[in-house]
Amino acid sequence: MVDPKDYTFSGLKDETVGRLPGKVAGQQFVIQDCENCNIYIFDHSATITIDDCTNCVIFLGPVKGSVFFRNCRDCKCTLACQQFRVRDCRKLEVFLCCATQPIIESSTNIKFGCFQWYYPELAAQFKDAGLSIFNNIWSHVHDFTPVSGELNWSLLPENAVVQDYVPLPTTEEFKAVRISTDPNRSIVPVSRGQRQKYSDESCLVVLFADDYTTANARKLIDEMVGKGFSLVQTKEMSMKTEDAQRVFREKASDFLLLLNKGPVIALEFNGDDAVQECHLIVNGLFNGTKMFVSEKKETASGDVDSFYNFAEIQMGI
């Protein structure tokens with residue numbers, strides 16, 4: 001029998017509390033009326049509501065459904081979810097992985113950054129929650145109640161260090177979790193999102209489903225970012241024949257059979273000479289692995305636009 005008390009933090013003050021991996025196991029969780037607390041949920045859950053909390057630090061492992069903040073202020077968070085909603089809140093700073101458009105309502109001074117966090121159990125928790133590490137539109141924020149001439153939300157500085165906002169737990173119980181906040185080790189690839197691009201040149205890479213797709217995508221990201229290019233956005237989704245023709249155009253016939261194997265992973269890189277460098281890396285590292293890489297820098301931005309426009313229609317953004 002599930003006891004709701006085991007999945008609730010209520011009325012706490014000046015405490016460090018949480019749940020270790022395996023202790024929530026997909027249940028829903030409630031956090032309410034907490035003040036000056038550090039709260040760490042190192043597991044996947046169904047949904048999480050956070051009500052009437054002040055000056056708290058919160059980490060939430062992957063949430064299959066929604067995370068809903070209501071009437072909270074001065075909180076700093078790192079979390080991953082399918083849906084993110086904020087209502088009647090002020091001054092939240094959130095490092096977010098969210099599969100759908102984050103929504104704020106009747107709230108002010110909400111700041112967003114890209115999720116960056118690692119511990120060994122986290123990858124499996126994403127799978128258990130049905131979330132893809134590549135579907136993260138953390139910066140596509142929708143404000144239901146915009147005020148003319150004011151912006152209720154903004155993006156955190158690109159060089160924001162997650163540990164300065166959400167420090168690692170220092171209590172014995174949670175020291176057992178082997179956490180890294182190094183952006184290069186983050187389970188979720190750290191993307192620029194809606195920030196201004198450095199260059200007019202972007203490159204689209206699409207990886208087709210096989211046993212190594214995720215590993216290959218991470219390797220390519222590491223190589224490109226290591227060479228100074230920025231990862232703008234990522235996406236994992238299924239493509240149909242007509243989608244392939246729209247995105248890959250004359251190359252479509254090369255890839256049609258591969259689409260049946262499962263979802264594709266698409267990456268957008270940005271920077272001068274991104275197309276040329278990407279071809280060099282792909283040919284050098286992934287010889288024999290079929291990938292779509294933008295052919296020419298003149299048409300690369302069009303590739304990116306056609307893929308992500310199709311992706312947004314598919315995902316209802």
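Each residue takes its place number in the sequence, starting with 1.
- Ser199 and Asp272 share a side-chain donor-acceptor pair at under 3.5 Å.
- When ring centroids are compared, Phe248 and Phe255 come within the 6.0 Å threshold.
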- Query: Do Asn152 and Thr108 pass the side-chain hydrogen bond (donor to acceptor under 3.5 Å, both in side chains) test, and can you show the C-alpha distance, the side-chain angles, and the key distance before you say yes or no?
  - Reply: CA-CA 4 Å; Asn152 292 322; Thr108 58; 5.7 Å; no

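- For Asn135 (side chain) and Lys235 (main-chain N/O), no donor-acceptor pair under 3.5 Å exists by modelled atom type.
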- Arg195 and Arg192: side-chain contact (heavy atoms from CB on, under 4.5 Å), yes or no, with the steps? CA-CA 6 Å; Arg195 289 194 180 99; Arg192 281 181 65 75; 3.7 Å; yes

- Message: Evaluate Tyr7 against Arg19 for side-chain hydrogen bond (donor to acceptor under 3.5 Å, both in side chains), listing each step before the verdict.
- Response: CA-CA 9 Å; Tyr7 303 96; Arg19 291 288 182 266; over 6 Å; no

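- Val264 is listed as a side-chain neighbour of Leu259, based on a closest heavy-atom distance under 4.5 Å.
- Side-chain polar atoms of Trp153 and Ser107 form no donor-acceptor pair below 3.5 angstrom.
- For an aromatic pair to be called close, the ring centres must be under 6.0 Å apart, and Trp117 with Phe59 satisfies this.
- Without hydrogens or angle criteria, His279 side chain to Ser294 main chain gives a donor-acceptor distance under 3.5 Å.
- Between Phe95 and Phe112, a ring centre-to-centre spacing not shorter than 6.0 Å is recorded.
- Annotation: side chain of Phe69 is in contact with side chain of Val67 (closest heavy-atom distance under 4.5 Å).
- Cation-pi check for Arg185 over Tyr119 is not met; the charged atom does not lie both under 6.0 angstrom from the ring centroid and within 45 degrees of its normal.
- Between atom CE of residue Met237 and atom OG of residue Ser132 there is a gap of 10.5 Å, rounded to the nearest 0.5 Å.
- Looking at Lys23 and Asp43, no side-chain N of the basic residue comes within less than 4.0 Å of a carboxylate O on the acidic one, giving no salt bridge.
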